[in-house]
Student: 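Quick one: the structure is below, questions incoming.
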Amino acid sequence: MCGIVGYVGRREAAPILVDRLDDLSYRGYDSAGVAVAHDGVVVVEKCPGKIENLRAAVGKATPPGTLGLGHTRWATHGAPTQVNAHPHADCTGRLFVVQNGIIENFPTLKRELLERGHEFSTETDTEVVIHLLEEYYDGDLLAAAKKTAARLEGSFALAFLAAGEERLVAVRYHAPLIVGIGGGENFVASDITALLQDTNKVYVLENGDVVSVEANRIDVDSFLPDPPKALGTRQLTIVDWRPEDVSKNDYPHYMLKEIHEQPRALERTLQGRIKDGEIVLREMGLASELIRRVNSFHLVACGTAYHAALFGKYLFERVLRVPVSADIASEFRYRDPIVDGRSLVILISQSGETADTIGSLEEARARGAKTLAVVNVRGSTLAREADAVLYTRAGPEIAVASTKAFTAQLTAMFLLVCYLADRRRMEWPYPREELLAHLASLPSYLEQTLEQTAATAREWGQLIANEADCYFLGRNVDEPLAREAALKLKEISYVHAEAYAAGELKHGTIALIAEGTPVVSFMTQAEVWDKMISNLHEVRARGARTFAVAREDGIGLEDLVEGVMTLPAAPELFAPILAAVPAQLLAYEAAVALGRDVDQPRNLAKSVTVE
Ligand code: F6R
C-alpha cells in the first residue's frame with residue numbers, strides 16, 4: 001500500500017526522501033514522487049515504475065532544500081501514471097499533499113470543488129484533499145489541515161507542505177503514520193522501517209491527530225471534536241529493531257533471508273516465555289479470571305495470518321475442548337458474528353495495520369467481546385487498540401510474502417493455547433514437560449529442516465515452474481499448511497495453485513487432475529496417514545505427479561510419490577511449523593526459476609491498509 005515519508009531538518013531532503021521511499025518500497029507500489037521546498041519554492045518530481053526512475057530524476061532536478069515530502073503509490077483510484085503519482089498540488093502550485101488510504105466521499109467533494117472553480121488534473125481521490133486545503137488555507141497550514149481532515153470520510157494518512165512554511169503537517173485517521181524524532185531534524189513515515197537508519201525514537205499517532213513537525217519542535221492537535229486519547233499523552237516509543245535487520249545482507253532476496261532467519265525469529269518468539277515448566281505471558285495482560293469466563297474463542301486474520309488462525313483452531317479445540325472459530329477478517333466483520341462479553345476474539349497480524357483485521361477488532365469490541373492481538377509490529381494499531389497483546393517478535397519482515405512472521409504466529413498459537421489451558425485448569429492432552437522441551441527446541445528443528453529440505457525444494461520448485469497448475473493436499477493441521485503452500489506459490493511465482501483438505505478433492509476438483517499435474521501432499525499426522533495414502537492413490541490413478549512432505553518416520557511412500565521431503569523427528573504436533581519451510585522454499589525456487597520479482601510480486605502490497 002502507499003507509503004509516506006516527510007523530512008524537515010538540517011540535511012538535504014531529496015536524497016533522504018528517495019532513500020526512505022526505497023526502504024518503504026516493500027509495502028508495494030507502482031509509482032513514486034517527492035516534493036522539496038527551497039527558498040519559498042516547491043519542486044515536484046514523480047515517476048511511474050521503480051524508485052530508481054525517481055532517483056535519476058531527482059538527481060538532475062531537485063534543489064538542495066531541507067524540507068520535503070515523498071510518496072510511493074499503490075494505485076487504487078486511477079492508473080499508475082506520472083500524473084496520478086503523488087504529491088498532488090493545489091491550483092496555486094503552493095500547497096502539496098501525499099496520502100495513504102481512501103477518501104470515500106471524494107465524488108461529492110469533487111463536485112463541490114469543481115463548482116467553486118478548482119481545476120483537477122488527476123483521476124485520484126487524493127486530489128480533492130489539496131483543493132479543499134486551498135479553500136481553507138490562509139497562511140496557517142495546521143489550521144487548514146484540521147478543517148480539511150474534518151471534511152473527509154474514509155481512512156487516510158496525509159502529509160502536507162506549503163511553500164513558505166518551514167514545517168510539515170501530518171494527519172492520521174485509520175491509516176498508519178508515525179513521527180520520528182532526530183537531533184535537529186524530524187520525520188514523518190508510514191512505518192518504522194523507513195526510519196531505522198535515522199532514529200529509533202517515534203511517536204505513534206492516534207486517529208484524529210494533526211501534527212505540525214518542524215526541525216526542533218512537534219505540536220500535536222486533533223481534528224476530532226472528541227479525540228480518542230487526550231493530547232499530550234502520545235508516548236515516545238523506542239524501537240528495538242536495528243538497521244541491519246532490514247538489510248538484505250548477502251542474500252539475493254529478502255524472502256530467502258527471512259526464510260533462513262526463522263530459527264532466530266522463533267528463538268525470539270519463545271525467549272523468556274517458558275520458565276520452570278510454565279508458559280509466562282505476563283506482558284500480554286489477560287486476567288486469569290477473564291480467561292476462565294470465556295465461552296467462545298474466535299481467531300480472525302487475513303491471508304497467511306488466516307492460515308495461522310486455522311492452525312490455531314485445530315490446536316485450541318484439541319486442547320481447550322470448546323468451539324473455536326477461524327474467520328477471514330473481511331468476512332467476520334460483515335457477517336453479524338455471534339460474539340459477546342464472554343467471547344475472546346484473537347486478531348492475528350504481522351503488520352498490525354491490516355484494515356479488515358482492525359475493522360474486525362472494532363466490530364468485536366462494539367459487541368462487548370474481549371480482544372487479543374497477536375502481532376509482530378510493536379506500537380501498531382492492533383497492538384494499541386486491543387485489550388491485550390502478544391508480540392510474535394519475528395523482527396522486521398520486508399518481503400511481501402510472509403514467511404518468518406507465519407512460523408512465529410504458529411509458535412505463538414502454541415504458547416497461547418498452553419497458557420490458556422493452564423488458566424482454565426485444563427489437563428494438557430500431551431505430556432507437559434516433553435511438550436515444553438520440544439517447543440523450546442523449535443529453533444533447532446527449523447535449522448535442521450532448512451538443511452534437510454533446501455536442495456529438494458529447489459528441484460521441485462524448478463519442476464513446478466514449468467507447470468500451469470499445482471495442487472497441495474493435507475488433512476487436519478496439515479490442511480492450513482497446504483493452503484499456505486498454495487498461497488506462497490501463487491503470490492510470488494504466479495503459477496496457479498490450489499489447496500484442498502485431501503478428502504474434499506473428489507467432491508469436484510479431482511476433475512482437474514490430468515496427466516502430469518503436480519500434487520504435493522503434506523503428510524505429518526499419523527491419525528490421517530492412511531486417508532492421505534488413499535488420496536495419493538486417487539490422484540496417481542488420474543496421472544498426477546505426486547510429491548510428499550512427511551515426518552522422518554513417514555516410510556512407505558516410496559512407490560506412491562516421485563519425491564519425499566523428510567522433516568526432523570519433532571513431535572507431529574509441531575510438524576506443520578517445520579513443513580512451512582519446504583513450502584516457502586519451493587515457492588521461492590519456482591519464482592526464481594521463472595525470473596519473478598520475488599520480494600515485490602505484481603499487484604501486491606505488504607500491508608493492506610485499505611479494505
Ligand atoms: C501472504 C501475505 C498476506 C498477509 C495478509 C495479512 O504472504 O503476506 O497474505 O498475510 O495480507 O497481513 P498482516 O499479517 O500484516 O495482517
Side-chain angles (χ1 to χ4, degrees), residues 1 3 26-28 74 175-176 190-193 253-256 258-259 262 265 299-312 326-333 345-361 371-383 385-386 389-410 412-413 480-481 483-494 497 499 580-581 583-588 590-591 596-611:
M1 296 278 125
Y26 80 100
R27 292 166 66 93
W74 188 85
S190 292
D191 68 45
I192 184 60
T193 43
H253 299 101
Y254 279 109
M255 183 179 175
L256 190 62
E258 287 160 8
I259 290 173
Q262 290 179 106
L299 296 153
V300 183
C302 297
T304 287
Y306 169 63
H307 300 150
L310 284 171
F311 176 76
D327 267 285
I328 293 169
S330 54
E331 293 298 317
F332 178 86
R333 63 185 296 198
V345 177
I346 302 169
L347 298 308
I348 307 173
S349 172
Q350 188 284 127
S351 63
E353 300 294 351
T354 300
D356 282 314
T357 315
I358 295 169
S360 297
L361 178 140
T371 56
L372 164 65
V374 178
V375 290
N376 193 36
V377 178
R378 213 162 267 280
S380 57
T381 303
L382 279 172
E385 297 293 321
V389 56
L390 175 60
Y391 284 110
T392 48
R393 303 181 187 158
E397 195 177 65
I398 304 298
V400 162
S402 190
T403 53
K404 62 177 179 171
F406 176 63
T407 44
Q409 285 160 354
L410 299 182
M413 291 296 106
L481 233 283
R483 293 191 196 223
E484 177 58 8
L487 177 62
K488 284 287 94 85
L489 184 64
K490 278 187 276 204
E491 69 178 331
I492 59 167
S493 76
Y494 320 146
V581 170
Q584 296 160 350
L585 285 170
L586 188 146
Y588 173 80
R596 305 298 192 216
D597 188 346
V598 172
D599 287 333
Q600 287 167 22
R602 70 184 179 203
N603 305 338
L604 292 178
K606 178 68 180 161
S607 181
V608 183
T609 53
V610 295
E611 275 193 60

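Remember, it's 1-based here, ligands and their atoms both numbered in the order they're listed.
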Student: Quick check on contacts: which atoms of ligand 1 are under 4.0 angstrom from a heavy atom of Ala401?
Tutor: 7 (O)
Student: Should Lys488 be listed as contacting ligand 1, given a heavy-atom distance under 4.0 Å as the test?
Tutor: yes
Student: Show which atoms of ligand 1 fall inside a sub-4.0 Å distance from at least one heavy-atom site of Ala305.
Tutor: 10 (O), 14 (O)
Student: What atoms of ligand 1 come closer than 4.0 angstrom to any heavy atom of Ser351?
Tutor: 13 (P), 15 (O), 16 (O)
Student: Starting from atom 11 (O) of ligand 1, find the nearest protein heavy-atom neighbour and note its residue, name and distance.
Tutor: Val608 CG2, 4.1 Å
Student: So, is the end of the Arg602 side chain (NZ or CZ) under 6.0 Å from the ring centre of Tyr494 and within 45° of the ring's axis?
Tutor: yes
Student: Any idea which atoms of ligand 1 are less than 4.0 Å away from a heavy-atom of Glu491?
Tutor: 1 (C), 7 (O)
Student: If the contact criterion is a heavy-atom separation under 4.0 Å, does Leu604 count as touching ligand 1?
Tutor: no
Student: In the protein, what heavy atom is nearest to atom 3 (C) of ligand 1, and what distance, to one decimal place, separates them?
Tutor: Thr304 N, 4.0 Å
Student: Between Lys488 (side chain only) and Ser493 (backbone N and O only), is there a donor and an acceptor less than 3.5 Å apart?
Tutor: no
Student: Do you see a donor-acceptor pair shorter than 3.5 Å between the side chains of Gln350 and Ser402?
Tutor: no
Student: With Glu353, which residues qualify under salt bridge (charged side-chain N to carboxylate O under 4.0 Å, His left out), at least two apart?
Tutor: none
Student: Should one rank Glu353, Met255, Lys490, Gln350 by closest heavy-atom distance to atom 14 (O) of ligand 1, which comes out on top?
Tutor: Gln350
Student: When rounded to the nearest 0.5 angstrom, what is the spacing between CG in Leu481 and CZ in Phe406?
Tutor: 5.5 Å
Student: Among protein heavy atoms, which sits nearest to atom 6 (C) of ligand 1, and what does the distance come to when rounded to 0.1 Å?
Tutor: Cys302 O, 3.3 Å
Student: Can you list the residues that meet the salt bridge (charged side-chain N to carboxylate O under 4.0 Å, His left out) rule with Arg393, with sequence neighbours excluded?
Tutor: none
Student: Could an N or O of ligand 1 be found under 3.5 Å from any N or O of Gln409, whether backbone or side chain?
Tutor: no
Student: Among all protein non-hydrogen atoms, which one is nearest to atom 16 (O) of ligand 1, and what is the separation to 0.1 Å?
Tutor: Thr354 OG1, 2.4 Å
Student: Any N/O of Thr357 closer than 3.5 Å to an N/O of ligand 1?
Tutor: no
Student: Gly352 versus ligand 1: do any nitrogen or oxygen atoms come within less than 3.5 Å of each other?
Tutor: no
Student: Would you say Glu258's side chain and Met255's backbone share a donor-acceptor pair under 3.5 angstrom?
Tutor: no
Student: Kindly indicate, with the supporting measurements, whether the criterion side chain to side chain contact (heavy atoms under 4.5 Å, CB included) is fulfilled by Leu361 and Thr357.
Tutor: CA-CA 6 Å; Leu361 178 140; Thr357 315; over 6 Å; no
Student: Where the side chain of Asp599 meets the backbone of Tyr254, is there a donor-acceptor pair that is under 3.5 Å apart?
Tutor: yes
